[in-house]
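The next block holds one structure in the form of structure tokens; read it before the comments.
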Amino acid sequence: MLRGEGEAWNGSLPGLYDAGHALATFAIASHMAGGALLLALGPLQLVEPVRRRFPGFHRLVGKLYVACAGLAGAGGLAFILAEGTVGGAPMDLGFAGYGVLLLIAAGQTFRHARAGRMDLHRAWAIRLFALTIGSWLYRMEYGLWFALTGRLGHTATFDGWFDRLMVVAFYLPNLVVAELIIRRRESRMAAGFASALVLVIAALVLLATWTFTAHFWGPGIVRGFTGSEF
Ligand code: HEM
């Protein structure tokens with residue numbers, strides 16, 4: 001974008017950059033910037049020693065996190081309204097649902113923290129985190145699926161059966177895991193199940209992240225900054 005090569009976005013998804021539609025371009029650009037920061041900041045907020053020893057830092061990053069969630073959510077929703085998604089109405093609805101839930105969770109997390117209702121703040125923060133990592137899991141789940149099945153149920157216009165399933169499958173299951181984690185203090189079974197599930201998912205995500213970074217994104221990012229391969 002900074003080099004004036006917005007068209008290059010469309011190599012990833014057609015229709016992402018529209019030179020004649022400044023609002024949609026602005027919305028999706030803020031969306032991607034807010035989303036990237038959101039993913040980077042989230043894990044910091046979960047580290048207990050950081051929260052305990054540096055509460056001011058946790059509050060500052062928390063405000064930034066909520067603002068980025070607003071930017072990613074509102075930018076995504078504005079893009080859906082202005083341009084529509086590549087996958088048509090089902091994807092518009094699935095993604096809009098994701099955006100609305102993200103905005104609600106961000107608002108609740110902030111509101112309860114301000115009012116000092118820490119149990120509620122904690123529960124909503126876990127839901128918010130589970131939702132935000134959905135955008136990462138979406139890419140991972142697609143990547144793993146492609147590697148395992150050779151793009152079964154996927155089309156370039158995102159209207160295959162797998163694409164239809166994925167419009168909600170990247171965030172609704174996360175909320176189930178979040179509820180198990182929130183309730184883990186009340187039930188030992190929920191605690192054990194949630195921990196095992198999170199460990200298995202984390203191992204898979206780590207493997208997929210490494211594979212994609214090494215083979216696709218890493219070289220692309222280096223090329224974007226330096227103009228040459230490493
Ligand atoms: C952590 C949060 C998020 C991040 C990091 C993120 C990241 C991205 C990125 C990088 C793209 C560009 C296309 C691609 O590479 O796949 C994109 C597209 C998009 N995102 Fe997000 N996103 C996030 C949250 C959301 C939310 C909450 C919504 C719902 C409002 C949303 C809706 C969209 C839409 C509609 C597109 C365009 C899809 C199309 O071209 O058809 N995203 N997002």
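For ligands, and for the atoms within them, numbers begin at 1 and follow the listed sequence. Because only heavy atoms are used, hydrogens play no part in the values below, and waters and symmetry mates are left out as well, while side chains stay in.
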Could you list which atoms of ligand 1 come closer than 4.0 Å to a heavy atom of [X]?
X      : answer
Leu102 : 27 (C)
Leu77  : 30 (C)
Ile80  : 35 (C)
Thr132 : 1 (C)
Leu38  : 1 (C), 2 (C)
Tyr98  : 24 (C), 25 (C), 26 (C), 27 (C), 28 (C)
Gly99  : 27 (C), 29 (C), 30 (C)

shortest atom 37 (C) of ligand 1-to-protein heavy-atom contact is with Phe79 CE2, 3.5 Å

For atom 38 (C) of ligand 1, closest protein heavy-atom neighbour: Leu13 CD1, 3.9 Å

Counting only heavy atoms, which portion of Ile133 has something under 4.0 Å from ligand 1: side chain, backbone, both, or neither? neither

Leu16 contact mode with ligand 1 (heavy-atom cut-off under 4.0 Å): side chain

Closest approach of [X] and [Y], non-hydrogen atoms and distance?
X      : Y      : answer
Ala27  : Ala78  : CB-CB, 3.8 Å
Leu128 : Ala69  : CD1-CB, 4.5 Å
His21  : Ala82  : CE1-O, 3.5 Å
Met140 : Ala208 : SD-CB, 3.4 Å

Check: Tyr171 ring centre within less than 6.0 Å of Phe95 ring centre: no

Please confirm whether Trp136 and Trp217 have ring centers closer than 6.0 angstrom. yes

Under-2.8 Å neighbours of atom 21 (Fe) of ligand 1, protein N/O/S atoms only: 1

Ring-plane angle category for Phe146 and Tyr142, please: parallel below 30°, perpendicular beyond 60°, tilted otherwise. perpendicular

Do the numbers put Arg127 on top of the ring of Trp124, so that NZ or CZ is under 6.0 Å from the six-membered ring centre and no more than 45° off the axis? yes

Using distance alone, determine whether Val86 and ligand 1 share an N or O pair under 3.5 Å. yes

For the 3.5 Å polar cut-off, considering only N or O atoms, please tell me whether Arg139 and ligand 1 meet it. yes

Indicate yes or no for a side-chain donor-acceptor contact from [X] to the backbone of [Y] under 3.5 Å, with no hydrogens or angles considered.
X      : Y      : answer
His121 : Thr109 : yes
Arg164 : Pro90  : no
Glu83  : Leu16  : no
Thr155 : Asp159 : yes
Tyr65  : Arg59  : no

Non-hydrogen atoms of Gly73 versus ligand 1: any pair closer than 4.0 Å? yes

